[in-house]
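Letters A, B, ... mirror the listed sequences (proteins, then strands); counts begin at 1. Remember, predicted model here, so these are calculated numbers, not experimental data.
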Protein chains: 2
Amino acid sequence: MKTDEKIIAFLLYPGLSLLDMVGPYSVLSNLGRGYRTVVVGEQADSIPDDFGLGITPHFSIDEMPEPDILIVPGADLATFTTMANDKLMNYIRTAGEKAEILASVCTGACILAAAGFLQGRKATTHWAYAPYLEKLGVDYVKERWVEDGKFITAAGVSAGIDMALHLAARLADVDASKAVQLYCEYDPPPPFGGPDWTMANEADISRASAVNLSERLADMKTVLANKPDLLALFNDN
Amino acid sequence: MKTDEKIIAFLLYPGLSLLDMVGPYSVLSNLGRGYRTVVVGEQADSIPDDFGLGITPHFSIDEMPEPDILIVPGADLATFTTMANDKLMNYIRTAGEKAEILASVCTGACILAAAGFLQGRKATTHWAYAPYLEKLGVDYVKERWVEDGKFITAAGVSAGIDMALHLAARLADVDASKAVQLYCEYDPPPPFGGPDWTMANEADISRASAVNLSERLADMKTVLANKPDLLALFNDN
């Protein structure tokens with residue numbers, strides 16, 4: 001693709017957590033300054049998010065082989081089904097190798113690690129997936145986002161917004177980041193204060209909401225049956 | 001539609017600001033507790049967001065005439081093109097009249113007001129659109145979200161996340177809201193602090209980013225040429 005703009009590509013895959021992508025996409029799409037955001041998928045057809053909403057990417061991965069910046073969102077189950085998808089994993093490997101910046105949101109860090117990135121580096125992910133990231137040889141850090149060389153990883157879901165404001169300042173400048181922040185009116189006061197970290201276990205969040213992480217993870221050994229290196233993720237969990 | 005669940009419907013329309021929808025959608029989709037989130041569009045075909053990404057709704061508006069809760073996201077230009085779309089406006093009028101809760105994010109409040117709701121009530125919207133909301137007879141309040149009877153309006157874009165956590169607590173309970181907050185890891189520390197409100201004018205945000213609000217609004221008088229009541233929105237601006 002011939003363009004004077006640098007391309008920021010988000011990888012869309014079946015079952016992703018949509019806010020992981022749309023948070024930073026909304027920030028970076030308003031950046032301007034010679035950057036263009038695109039969403040790429042295995043095919044340029046409608047791809048379902050984690051609640052069955054269909055998203056049609058701007059391009060297929062074949063049409064966008066060398067983005068300047070690649071951002072991989074997270075998921076729950078689809079973290080592992082993506083690891084089992086050779087075409088997507090090969091794209092992450094080859095495009096991620098060439099990209100100036102390779103970033104992730106939420107469990108996207110686990111996907112990057114399964115693709116062979118981040119080993120021995122500092123990175124972060126969704127709190128519930130930290131053990132998986134560590135089993136993949138990554139030095140997990142509980143921060144909102146972590147930058148280690150060309151790798152920028154964000155914590156769970158909404159952390160992608162904060163990471164993207166940081167990335168906007170790195171790519172353009174702080175004024176551009178603050179202009180986009182104002183336009184997105186990112187002035188967060190969560191109505192009941194910060195997260196209640198005493199609930200940060202599967203039993204408590206599953207009891208209080210529709211989040212059923214353990215149940216949803218049960219079949220993942222089967223999904224990864226042909227990936228012996230990754231099956232170790234499910235030992236001792 | 002026969003179901004034991006209460007339906008929370010988001011109205012998807014061409015050109016919407018995707019984060020307006022996906023923020024609260026991500027919160028409420030994880031709520032459970034007898035609530036189901038759906039996205040409805042004029043047709044159940046792919047509909048472009050403000051950056052040309054295609055979103056396929058779960059249902060057409062004809063398939064979902066009476067959601068229990070209706071949430072209308074915002075946009076910039078598409079705020080006005082939606083006002084000129086009789087089918088969407090009729091849907092908002094009839095479904096909104098019957099809904100237990102009628103909510104908006106960002107300029108969705110302007111759309112609700114153009115549909116005949118909110119007159120004489122307190123409501124909020126994106127800071128740059130407050131003058132339009134006031135011209136539509138609404139008592140604009142600069143808050144993160146405002147509840148007035150069955151109407152809940154959120155400020156710009158990302159404010160939908162905070163509003164949705166409030167709504168989750170109203171629909172279920174505070175524990176459910178906090179569980180979803182933790183799962184979405186909504187623990188925001190914007191990297192450069194809160195918004196810089198001294199940049200809250202079109203010239204400054206346009207200079208620093210790709211946001212070109214004035215330019216983008218120039219054609220809206222033509223779009224609303226057949227809606228004399230709404231043309232007054234563009235007087236003295």
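Within the 4.5 angstrom heavy-atom criterion, only side-chain atoms of A:Ser46, from C-beta onward, approach chain B. Interface residue A:Leu31: only backbone heavy atoms are found under 4.5 Å from chain B. For chain A, the nearby part of B:Asp49 is the side chain; its heavy atoms alone come within less than 4.5 Å. For A:Leu12, no part lies under 4.5 angstrom from a heavy atom of chain B. For a residue to count as touching a neighbouring chain, one of its non-hydrogen atoms must lie under 4.5 Å from one of that chain's; by this rule B:Tyr25 touches chain A with the side chain only. Using a 4.5 Å cut-off between heavy atoms, B:Ser177 contacts chain A through its side chain alone, with no backbone atom that close. At a 4.5 Å heavy-atom cutoff, the contact between A:Met21 and chain B is made by side-chain atoms alone.
Taking B:Ser209, B:Gly54, B:Pro48 one by one and counting their heavy-atom pairs under 4.5 Å with chain A, the maximum is reached by B:Gly54. Among A:Val38, A:Val157, A:Asp162, the residue with the largest count of heavy-atom pairs under 4.5 Å with chain B is A:Asp162. Interface summary for chain B: among A:Met163, A:Arg207, A:His166, A:Lys178, the most heavy-atom pairs under 4.5 angstrom belong to A:Lys178. If you tally non-hydrogen atom pairs under 4.5 Å between each of A:Gly23, A:Ser158, A:Ala155, A:Gly194 and chain B, the highest count goes to A:Ser158. Between chain A and the options B:Ser26, B:Gly32, B:Ala179, B:Ala159, the largest number of non-hydrogen pairs under 4.5 Å is found for B:Ala179. When the candidates B:Ile55, B:Asp76, B:Thr37 are compared by the number of heavy-atom contacts under 4.5 Å with chain A, B:Ile55 comes out ahead. Of the residues considered (A:Leu165, A:Leu18, A:Val211), A:Val211 shows the highest number of contacts with chain B, using heavy-atom pairs under 4.5 Å.
Residues from residues 181-193 of chain A that place a non-hydrogen atom less than 4.5 Å from a non-hydrogen atom of chain B comprise A:Gln181, A:Leu182, A:Tyr183, A:Cys184, A:Glu185, A:Tyr186, A:Asp187, A:Pro188, A:Pro189, A:Pro190, A:Pro191, A:Phe192, A:Gly193, given in numerical order. Residue-level contacts of residues 139-148 of chain A with chain B, in order of numbering, are A:Arg144, A:Trp145; threshold 4.5 Å between heavy atoms.
B:Leu53 places none of its side-chain heavy atoms less than 4.5 Å from the side chain of A:Thr56. Between B:Phe51 and A:Asn30 there is a side-chain heavy-atom pair separated by less than 4.5 Å.
Here B:Asp175 contributes atom CG and A:Asp204 contributes atom CG; the two are 8.5 Å apart, rounded to the nearest 0.5 Å.
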